[in-house]
There are 2 protein chains.
Amino acid sequence: MGRPTVTDIAREAGVSLATVDRVLNARPGVRDKTIAAVNEAVARLGYVRDMAAANLARGRILRVAILLPDTESQFLQTLQDALQQAATLASSARMQVELLRFPAKDMHSLAMMLADLAAGGISGVALMAPETPVVRDALRALHAAGVPVVAMVSDLPNSGATHFVGIDSHAAGRTAGVLMGRFLGGKTPRVMVIAQSMLLRDSIERRRGFDAVMQRDFPGIEVGQTLETHGATETLQQVMAVSLAASGPVGGIYLLGSGHRALAQVLSELGLLGRVVTIGHELTPHTIAALEAGWMDAVIAQNVGHIARSTLRVLQAKADQQPINESQERLRLEIILRENLPPSL
Amino acid sequence: MGRPTVTDIAREAGVSLATVDRVLNARPGVRDKTIAAVNEAVARLGYVRDMAAANLARGRILRVAILLPDTESQFLQTLQDALQQAATLASSARMQVELLRFPAKDMHSLAMMLADLAAGGISGVALMAPETPVVRDALRALHAAGVPVVAMVSDLPNSGATHFVGIDSHAAGRTAGVLMGRFLGGKTPRVMVIAQSMLLRDSIERRRGFDAVMQRDFPGIEVGQTLETHGATETLQQVMAVSLAASGPVGGIYLLGSGHRALAQVLSELGLLGRVVTIGHELTPHTIAALEAGWMDAVIAQNVGHIARSTLRVLQAKADQQPINESQERLRLEIILRENLPPSL
DNA sequence: GCCCAAATGATGTGCGTACCTCAAAAATGA
DNA sequence: TCATTTTTGAGGTACGCACATCATTTGGGC
């Protein structure tokens with residue numbers, strides 16, 4: 001015998017198929033006693049609803065929207081590719097994914113897009129966005145309408161996000177700290193920290209984690225203030241020069257966000273490429289190349305493929321009102337060196 | 001309009017449903033020209049088979065067997081737990097998993113179990129086993145019978161294994177080498193390598209990878225011969241004492257396989273616990289505790305949950321004659337420090 | 001142009017579930 | 001006890017696909 005079906009439940013509980021159906025789908029008009037009898041039969045036979053058949057019968061196609069900022073970073077591109085691929089696969093499981101991008105600086109646009117989605121009858125939303133009041137209100141409205149919301153990469157704890165798919169940024173920073181401390185060895189015990197901007201929750205938390213470890217485990221290493229570049233190579237060059245002049249040479253560089261290409265250029269001009277321990281975040285074509293070339297020593301990353309698949313799985317589970325397999329959805333914080341780079345990408 | 005269905009394909013291609021079915025399921029008796037026409041319609045409409053409905057219609061329950069040695073190691077226990085959990089989940093995807101264990105030293109028993117499975121009409125087999133002639137022949141028989149075979153953790157390249165789920169052991173050894181070299185810093189440049197036995201393919205390849213990196217990148221570090229303990233604490237104590245007396249103190253220890261508990265004991269007795277850089281393999285309760293306690297510095301691991309799910313997915317795909325999503329099945333080689341230990345396990 | 005095999009069409013059934021309608025039975029209140 | 005409401009039963013259709021059978025058409029060799 002294979003798995004029990006509704007028919008088996010009906011026989012076991014001594015009721016009709018219709019009644020089993022009413023109980024399983026919480027339809028009205030069944031006595032409590034009967035409900036209990038059916039549930040007992042379910043428990044006794046170990047019945048699990050065949051979600052595939054259920055969704056087939058419902059004839060429903062899950063419409064799900066994923067929103068990313070339109071920033072042109074390699075990480076976002078990589079993430080979008082992964083989502084695209086996962087979406088294609090998901091289409092064979094009655095799920096239709098709409099990949100949208102919103103103006104990174106215009107949270108009102110994002111809020112409007114979210115409102116439109118709510119009005120258009122979406123059954124799930126995932127997004128990567130900063131937690132501003134406007135966004136928070138829009139998400140709460142979605143939540144109130146019963147639409148599950150998944151925060152990707154950067155958490156949105158105060159916006160009623162149903163689920164967070166991403167790594168613990170503080171732990172990521174701590175990991176970077178340990179590696180920096182140990183890799184520095186006999187080099188100049190001074191570390192420079194560089195970021196494009198400190199507006200993003202992630203960067204702030206990474207920095208905090210990094211500092212915590214450095215203070216606790218490597219008190220002999222001096223860590224400079226965060227140098228903000230705002231994305232411009234010239235700014236990077238300038239702030240680095242000023243910092244080097246003011247505080248002296250450094251043995252390590254910690255890159256909080258993106259900007260690996262610009263850093264390579266400036267380091268090269270300063271004759272420092274490959275001579276300072278360099279640690280950054282996220283696996284992208286640039287960081288992979290940097291690891292292979294040997295001038296980056298380690299990258300702290302999260303698996304974008306995993307993020308994409310996990311996001312879709314969570315949205316599916318929420319729509320089906322099914323429990324989430326926590327252990328499968330828990331993202332690992334990956335340490336990537338040249339030696340354990342994935343075979344090709 | 002929702003997604004296109006077989007009916008849409010039939011209309012678009014100007015053929016009947018039966019013919020579409022014949023093409024989609026690669027049944028004989030269709031002209032090449034007609035096949036092309038159907039495939040074109042499929043491409044034009046962007047048809048993707050609804051696997052849920054397809055599997056429902058097939059009404060088949062995949063019977064799959066997984067074989068593990070009955071060795072009592074924590075890694076195997078962890079792996080078995082992960083497989084158990086994945087199997088429970090897979091049962092809701094019409095797959096029935098039989099978890100079997102075979103006597104680790106008796107390959108003839110294993111071969112007999114495999115033969116029984118083949119006779120019993122199994123639709124897929126996964127196993128973790130050494131590649132001996134007896135096993136190879138049994139696996140080839142399975143392969144000849146059209147039963148897909150998945151090698152787990154340790155590859156079986158010459159036995160016609162359909163697929164390998166696991167990490168590159170040579171790369172794992174190289175990674176251990178890099179970490180050892182960099183973590184050693186100013187410590188005594190001498191490393192001790194310990195293994196329970198060098199019979200397993202994995203251990204050999206790890207050792208080779210480790211040596212390759214040490215020779216290339218850290219020529220100043222002396223790496224000793226592999227000390228084999230054969231699982232006994234007394235032996236470990238003895239060989240370590242002999243080695244220390246003969247070659248002098250060491251700054252690092254590389255543990256190729258299991259035996260973390262015994263090592264902790266001996267190190268503690270020697271007053272070395274936490275004073276030598278210690279690197280090992282696989283995430284188990286013991287290694288997690290060791291990382292948390294701080295006497296192990298790094299663990300090179302593969303995600304057992306991923307192995308379990310990947311194994312079942314691959315078996316499913318093979319049974320469905322479907323292509324495998326390489327990027328999803330590619331296992332990452334994980335570096336675990338205290339700072340990036342998974343939140344609880 | 002005829003024949004026979006190969007190719008295609010037409011049609012039905014079933015997988016496990018959702019959802020609907022109508023009839024029948026049981027419980028409830030007066 | 002009867003009327004009324006509530007609960008339950010019986011049965012059908014649909015979802016998208018696999019698979020089977022039988023009838024019909026088509027094409028190529030002669």
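On a predicted model such as this, the values are computed, not experimentally measured, just so you know. Per chain, numbering begins at 1; letters A, B, ... match sequence-line order.
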Problem set entry | B/D81 and B/Q77 side chains, donor-acceptor separation under 3.5 Å | yes
For this session: Strictly below 4.0 Å, heavy-atom distances to any atom of DNA chain C: list the hits from residues 41-51 of chain B, or just say none.
Result: none
Exercise. Atom CG of B/D21 to atom P of C/dG12: distance rounded to whole Å?
Worked result: 17 Å
Exercise. What are the 5'-most and 3'-most nucleotides of DNA chain D lying under 4.0 Å from any heavy atom of chain A?
Worked result: D/dT7 to D/dG16
Problem set entry | Check: B/R58 side chain, C/dG14 base, donor-acceptor under 3.5 Å | no
Exercise. Between A/N25 and A/R49, is any side-chain donor less than 3.5 angstrom from a side-chain acceptor?
Worked result: yes
For this session: Answer yes if the side chains of B/R3 and A/Q96 hold a donor-acceptor pair under 3.5 Å, and no otherwise.
Result: no
Exercise. Between atom CG in A/L17 and atom C1' in C/dT17, what is the gap in whole Å?
Worked result: 10 Å
Problem set entry | Test salt bridge (charged side-chain N to carboxylate O under 4.0 Å, His left out) applied to A/R44 and A/E40, step by step | CA-CA 6 Å; A/R44 202 159 40 227; A/E40 252 177 60; 3.7 Å; yes
Seminar exercise, completed: Within residues 25-37 of chain B, the residues having a heavy atom closer than 4.0 Å to DNA chain D are B/N25, B/R27, B/R31
Exercise. Do A/R63 side-chain atoms and A/G120 backbone N/O form a donor-acceptor pair below 3.5 Å?
Worked result: yes
Exercise. Mind checking whether A/T162 and A/K318 have side chains closer than 4.5 Å, heavy atoms only?
Worked result: yes
Exercise. Is a side-chain donor-acceptor pair under 3.5 Å present for B/E334 with B/Q302?
Worked result: no
Exercise. What is the nucleic acid contact for A/A54, judged by heavy atoms within less than 4.0 Å: base, sugar-phosphate only, or nothing?
Worked result: sugar-phosphate
